[in-house]
Amino acid sequence: MGLTVAYANTLLFIGYEVNGLVEIAVFPRYRFGSDDRVQGHLGYVRVPLNTPWTAILPRVDSLAEQAEENYRTAVSLRASSLRAHGARFESAYDAITDTFRESWHAFKLRLLRDGRIERDSMTFEGRPPEPVLVTWRGEPYTLQVFTTGSILLVRGDRRRKLGELRAEA
């Protein structure tokens, strides 16, 4: 049994017990416009039973704020890449994200284990949550999938710059 609660710009699904804690799955209450997400939820808050809402809601707010920031960053950089590289970038974005969108968790685990995946004439190299280098049609792209679900893809090997971005967040 579970309970869904609307709170600010989020929906909270309360009801799972994980390792003795109540798990609250935090979902966006609205659709992230042009953000092609790899998951529907923003994250989880796990608390002991009887934790007061005054202790829970700041953690929900923090998740929602981080999701908004990740979304704005991803959309802004995607728009810049689209303006600079046009349809070529859009084709790369679609091809690369379609390769892992339904199974990012499995992709991430395999990258963590092997450091490299070759699939559909693409090569993915890296160790998430750090940015991943993707080679598609002989050209490098840098991929960042945020824990809140937003996908960021930019042209070139920009792992260092995106890693700095992540560290600031």
Side-chain angles (χ1 to χ4, degrees), residues 8-11 23-46 58-169:
N9 286 328
T10 63
L11 290 174
E23 179 176 87
I24 302 169
V26 181
F27 292 87
R29 191 170 179 180
Y30 53 88
R31 173 122 165 76
F32 280 73
S34 57
D35 182 28
D36 295 322
R37 305 174 60 69
V38 296
Q39 59 198 27
H41 67 279
L42 304 177
Y44 301 98
V45 174
R46 293 182 180 110
R59 292 174 59 188
V60 171
D61 290 338
S62 179
L63 265 176
E65 288 167 18
Q66 187 62 55
E68 282 289 334
E69 181 62 31
N70 293 344
Y71 164 72
R72 283 190 295 275
T73 299
V75 168
S76 174
L77 289 175
R78 180 178 180 185
S80 294
S81 291
L82 189 56
R83 280 191 303 276
H85 306 288
R88 187 173 175 176
F89 174 78
E90 195 66 22
S91 294
Y93 186 93
D94 290 341
I96 291 167
T97 59
D98 284 350
T99 301
F100 67 80
R101 186 179 320 282
E102 296 302 320
S103 61
W104 175 247
H105 182 70
F107 233 77
K108 181 171 93 173
L109 291 176
R110 188 164 167 210
L111 277 170
L112 287 170
R113 186 186 69 219
D114 301 336
R116 180 183 176 101
I117 297 173
E118 291 186 25
R119 181 179 287 175
D120 299 333
S121 71
M122 288 174 236
T123 304
F124 295 78
E125 297 176 82
R127 299 204 178 278
E130 298 304 317
V132 173
L133 182 65
V134 182
T135 304
W136 181 72
R137 295 188 175 172
E139 300 211 16
Y141 294 85
T142 305
L143 169 70
Q144 176 71 62
V145 177
F146 294 103
T147 57
T148 57
S150 295
I151 301 169
L152 171 59
L153 184 75
V154 292
R155 195 155 184 240
D157 184 352
R158 303 197 23 215
R159 289 177 287 181
R160 175 181 278 161
K161 183 66 178 167
L162 290 181
E164 291 169 4
L165 241 177
R166 239 178 58 74
E168 293 173 8

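The backbone N or O of Glu69 sits less than 3.5 Å from a side-chain atom of Thr73, completing a donor-acceptor pair. Side-chain atoms of Ser150 do not come within 3.5 Å of backbone N or O of Phe146 as any donor-acceptor pair.
Arg110 forms no cation-pi arrangement with Phe107, by the criterion of a distance under 6.0 Å to the ring centre and an angle within 45° of the ring axis. In this structure, Arg119 is not positioned above the aromatic face of Phe124 in the sense of NZ or CZ being under 6.0 Å from the six-membered ring centre and within 45° of the axis.
The two residues Thr10 and Ala64 have their closest heavy-atom pair at CG2-CB, 3.8 Å. The heavy-atom pair separating Leu133 from Pro140 by the smallest distance is CD1-CB, 3.9 Å. Taking every heavy atom of both residues into account, Pro128 and Leu111 meet most closely at CD-CB, 3.7 Å. Closest approach of Phe89 to Tyr141, counting heavy atoms only: CD1-CE2, 4.2 Å. Shortest non-hydrogen contact noted between Gln144 and Glu130 is OE1-C, 4.0 Å.
Rounded to the nearest 0.5 Å, atoms OG1 (Thr148) and CD (Glu65) are 12.5 Å apart. Note: Leu42 CG to Thr147 OG1 = 9.5 Å, rounded to the nearest 0.5 Å. Rounded to the nearest 0.5 Å, atoms OG1 (Thr123) and CG (Asp120) are 11.0 Å apart. Here the OG atom belonging to Ser81 is positioned 10.5 Å from the OH atom belonging to Tyr93, to the nearest 0.5 angstrom. Between His105 atom NE2 and Phe100 atom CZ the span is 14.5 Å, to the nearest 0.5 Å. To the nearest 0.5 Å, atom CE of residue Met122 and atom OG1 of residue Thr135 are 11.0 Å apart.
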Val45 and Val26: CA distance, side-chain angles, deciding distance, side-chain contact (heavy atoms from CB on, under 4.5 Å) verdict
CA-CA 7 Å; Val45 174; Val26 181; 4.2 Å; yes
What verdict does the side-chain contact (heavy atoms from CB on, under 4.5 Å) test give for Val134 and Thr142, after you've listed the backbone C-alpha separation in whole Å, the side-chain angles of each residue and the deciding distance to 0.1 Å?
CA-CA 6 Å; Val134 182; Thr142 305; over 6 Å; no
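Using a 4.5 Å cut-off on side-chain heavy atoms (C-beta onward), Arg59 and Leu63 make no contact. A 4.5 Å side-chain heavy-atom check between Ile151 and Val38 finds at least one atom pair inside the cut-off.
A salt bridge does not link Arg116 with Asp114: every distance from a Lys NZ or Arg NE/NH1/NH2 to an Asp or Glu carboxylate oxygen is 4.0 Å or more. Taking the charged nitrogens against the carboxylate oxygens, Arg78 and Glu90 do have a contact shorter than 4.0 Å, which makes a salt bridge.
Between the side chains of Arg83 and Ser80, a donor-acceptor pair is found at a separation under 3.5 Å.
Residue Arg160 places its CZ atom among 12 or fewer non-hydrogen atoms of other residues, nucleotides or ligands, all under 6.0 Å distant. For Arg127, the CZ atom is densely surrounded, since the number of other residues' heavy atoms within 6.0 Å is greater than 12.
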